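One structure is given below, encoded as structure tokens.
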Amino acid sequence: MGAGQSSSAENHAAGVLETKLRGSGDLTVLERAFECLSLSSDETGKQALIQRKKLEGCFGLAPLAVRDDGISQISQIMASVGSAIVGEYFDAEHETFDWNQLLEGYQKIIEATGVEHLKALFSVFFRASGTALEDPKSKVSKSENEGEGADITSISETQLQNFLLLCWVLMCHTRLPTKGNVTESGGVLEISLPNINSLMSAAVSACEKKSKGETSAEQIGREMVFSISNVSSWILSTIPALSECLVRYVRAQLTRIPVLSKVDSHDEQNRTTTSQSAESEEAGRTSDDKQEPENAKKDVLLLHSGTAWAVGLSLKDYTAAEILFRASCGIVEAADVELPTLLYRSSLHGRGLNRFWTCVDGYRAPVIVLISAQTQEESSPGAVFVMGTLVSSGFENKESSYGASGCCLYSVEPLFCPFRTSGKEKYYVYSHKHTPGAVYRAQPANEGIGLGGSYGKERVWLDKDFATLTVRHHAVDKTYHPGGLVPGQGFSPVSAQMLEIEIWGLGGVKAEQDQAKFLNRENLFSEQRRKIDLAAFGNWENSPEKMMMEMMADPNAGRRQER
């Protein structure tokens, strides 16, 4: 009796959830995934079930593999991610799962909030690292049952670094193409870990400030150990999109399960094909290795994979963030994948506002600006830092400020920190260049690029020659949130020598096409202004214009003829 009532209640709850998922289209994805995963389990004619190992394999991180960058722990953690996800969202004890259990696990994903997503992400990390690593410095207190009810209280610096890198790997796997040589062939795709030193420094600095006076923060050996609550608050305030990486990963894997099942069914055939193609590709690899210096130049760019990832995690614009995420992963398997566009680089296109404007004019889409400078102050001479800004709709040549609330200031290196708009003032961006033939003014508008503050007292000012960068204290700025853009900045303005500036477009192919049309139209107008159509004047020999020009050239010509 009781068993019948419980089963009917479960069927009713499953029916309600099915109705809810049918409107969003997720029900079709789950049905296809369940059909593919349960085929090997429905051999006796009974209810179809999914084997635990098969579900763990579908949530695994294959075919990604990390190159040996001196951080061997990541490879070990990646191997246990599948079992950790199944234990977190589905069940830690069952060896098989039916349709209702799959629905319940998916319900945990879609109904969770941002904070709950972050808690689940930490739980998955510690489940995976707990089976792969034995860290005596770990300050993680768990319940008696290791698989469930884990009470995570604190995290060390090494664990925090591995946690961030694991989130990056999950994000890269989510953006793997569903069709292509990687996912369908079953091969291995090696990726290089990004440089997240600025993120780590920002996390350590923020957690140290919050953990003063707390017993949960202490130093063990050479490592600092921080409270999970402090780390979570830093993530939600600085890089809030990080909490969504696990949810997006699980959803992407459920969508790919039909493709992955085909890979499993043809695994042997794919392995032989891969081994045969590996020998044929060896010659091509040797030729590519000769071009290594050209590829190494990419690391010199200010927008490297770590910076692109950090900026993307802090953005509210999903389209621009997605373009940065793809650039951070470095996985391009299709020609139509949109990546950031390098609009201007001072070392490549030349310095100065004129060179800058010829490259960015007409680009009406979000752009990210990165500036590398070296301080000239006596207190910290020669200190190199990187700062940036996001301009939500591109640059405009105006004598007044412009922009929107989507603009943002960034301290990129040595500490990464976004300074979003406060809503108090609207002096977002100022950029002005004198145009030829403009009306003469006794006090012309300043030429240069300014961010925040007010006219003549911008928080960040780059002169028209792109030689000097001036950064004022945040007290003069009410547009953006307060914070230091320069390490150790005091109340006095900091003057720095500009080393490099990069402008990257985040509008995709459409923004590039619109800019090309704009520049083509401007070039046509310029050519028309240069040319003089003599046919428009009628008969030039008898025209008054010719007479006037001759008189101006020789005013006494008419008098000489009379004499």
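The analysis underlying the following values was restricted to heavy atoms, covering all of them including side chains, and did not include hydrogens, waters or symmetry mates. Predicted model, so just to flag it, every value in this text is computed and none were measured.
The side chain to side chain donor-acceptor pair (under 3.5 Å) analysis of residues 501-517, with sequence neighbours excluded, yields the pairs Thr341-Glu512, Arg345-Glu502, Glu502-Trp504, Lys510-Asp514. Residue pairs meeting the salt bridge (Lys or Arg N to Asp or Glu O under 4.0 Å) criterion with at least one member in residues 188-201, sequence neighbours excluded: Arg67-Glu190.
No hydrogens or angles considered: a donor-acceptor pair under 3.5 Å links the side chains of Glu88 and Ser123. In this structure, a donor-acceptor pair under 3.5 Å is present between the side chains of His432 and Asn397. The closest side-chain donor-acceptor pair between Tyr402 and Ser431 falls under 3.5 angstrom.
Residues Leu118 and Leu246 form no side-chain contact, since every pair of their non-hydrogen atoms from C-beta on lies 4.5 Å or further apart. Side-chain contact between Cys407 and Val429 is present, with heavy atoms from C-beta onward closer than 4.5 Å. Asn195 has its side chain within reach of His304: a pair of non-hydrogen atoms, C-beta onward, lies under 4.5 Å apart. Two residues are said to be in side-chain contact when any heavy atoms from C-beta on lie closer than 4.5 Å; Leu485 and Tyr410 fail this criterion. The closest side-chain heavy-atom distance from Leu176 to Leu189 is below 4.5 Å. In this structure, Leu30 and Thr28 have side chains that are not in contact, with every pair of non-hydrogen atoms separated by 4.5 Å or more. Counting heavy atoms from C-beta on, the side chains of Val460 and Met387 come closer than 4.5 Å. A heavy-atom distance below 4.5 Å is not found between the side chains of Phe125 and Val81.
A salt bridge links Arg175 to Glu322: at least one charged side-chain nitrogen sits closer than 4.0 Å to a carboxylate oxygen.
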Checking salt bridge (Lys or Arg N to Asp or Glu O under 4.0 Å) for the pair Lys478/Glu425: CA distance, chi angles, key distance, verdict? CA-CA 6 Å; Lys478 294 183 180 180; Glu425 296 290 343; 5.3 Å; no

Evaluate the side-chain contact (heavy atoms from CB on, under 4.5 Å) criterion for residues Leu302 and Thr307: first the C-alpha distance (whole Å), next the side-chain angles of each, then the deciding distance (0.1 Å), finally the verdict. CA-CA 8 Å; Leu302 299 179; Thr307 301; over 6 Å; no

Between Cys329 and Met171, is a side-chain contact (heavy atoms from CB on, under 4.5 Å) present by the stated rule, with each step listed? CA-CA 8 Å; Cys329 296; Met171 184 198 67; 3.7 Å; yes

Verify side-chain contact (heavy atoms from CB on, under 4.5 Å) between Leu27 and Tyr106, making sure each step is shown before the conclusion. CA-CA 10 Å; Leu27 183 62; Tyr106 192 75; over 6 Å; no

Is there a side-chain contact (heavy atoms from CB on, under 4.5 Å) between Ile110 and Arg251? Walk through the geometry before answering. CA-CA 9 Å; Ile110 62 177; Arg251 285 183 170 178; 3.0 Å; yes

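A donor-acceptor contact shorter than 3.5 Å is absent between the side chain of Thr421 and the backbone of Tyr480. At distances below 3.5 Å, at least one donor-acceptor pair connects side-chain atoms of Thr358 with backbone N or O atoms of Arg355. Glu447 contributes no side-chain N or O that, together with a main-chain N or O of Asp463, makes up a donor-acceptor pair within less than 3.5 Å. Side chain of Arg472 to main chain of Gly453: no donor-acceptor pair is present (N/O by atom type, distance under 3.5 Å, no hydrogens or angles). Under a 3.5 Å cut-off, the side chain of Ser205 and the backbone N or O of Ser201 do not form any donor-acceptor pair. In terms of modelled atom types and a separation under 3.5 Å, the side chain of Thr375 and the main chain of Ala383 share a donor-acceptor contact. Between the Asn523 side chain and the Leu519 main chain, a donor and an acceptor come within less than 3.5 Å of each other. In this structure, Ser237 contributes its side chain and Trp234 its backbone to a donor-acceptor pair below 3.5 Å. The backbone N or O of Ile109 sits less than 3.5 Å from a side-chain atom of His117, completing a donor-acceptor pair. Judged by distance alone, with hydrogens and angles left aside, the side-chain atoms of Asp317 form a donor-acceptor pair with the main-chain N or O of Thr319 at under 3.5 Å.
Closest approach of Lys426 to Ser401, counting heavy atoms only: O-OG, 3.6 Å. Smallest separation of non-hydrogen atoms from Pro194 and Ser305: CB-OG, 3.3 Å. Nearest approach of Thr174 to Arg256, heavy atoms of both residues: O-NH2, 2.7 Å. Contact between Pro240 and Arg420 at its shortest, heavy atoms only, is CD-NH2, 3.8 Å. Nearest approach of Glu338 to Val509, heavy atoms of both residues: OE2-N, 3.3 Å. Across all their heavy atoms, Cys408 and Phe419 have their closest contact at SG-O, 3.5 Å.
The SG atom of Cys245 sits 9.0 Å away from atom CZ of Phe325, with the distance rounded to the nearest 0.5 Å. Atom CD of Glu31 sits about 9.0 Å away from atom CG of Leu103, to the nearest 0.5 Å. With rounding to the nearest 0.5 angstrom, the NZ atom of Lys424 is 10.5 Å from the CG atom of Asp477. Between the CD atom in Gln253 and the CZ atom in Phe59 there is a gap of 7.5 Å [rounded to 0.5 Å]. Between atom CD1 of residue Ile323 and atom OG of residue Ser328 there is a gap of 14.0 Å, rounded to the nearest 0.5 Å. Interatomic distance, Leu37 CG to Arg32 CZ, rounded to the nearest 0.5 Å: 14.0 Å.
Checked against the 6.0 Å centroid threshold, Phe466 and Phe356 count as a close aromatic pair.
The aromatic rings of Tyr427 and Tyr430 lie parallel to each other, with less than 30° between the two planes, well short of the 60° mark. In this pair, Phe122 and Phe163 present their aromatic rings parallel. The plane angle is below 30°, not in the 30 to 60° band.
Residues passing the side-chain contact (heavy atoms from CB on, under 4.5 Å) test with Ser346 are Tyr344, Arg351, Met498, Glu500, Ile501, sequence neighbours excluded.
Heavy-atom contacts from other residues, nucleotides or ligands closer than 6.0 Å to NZ of Lys119 number 12 or fewer.
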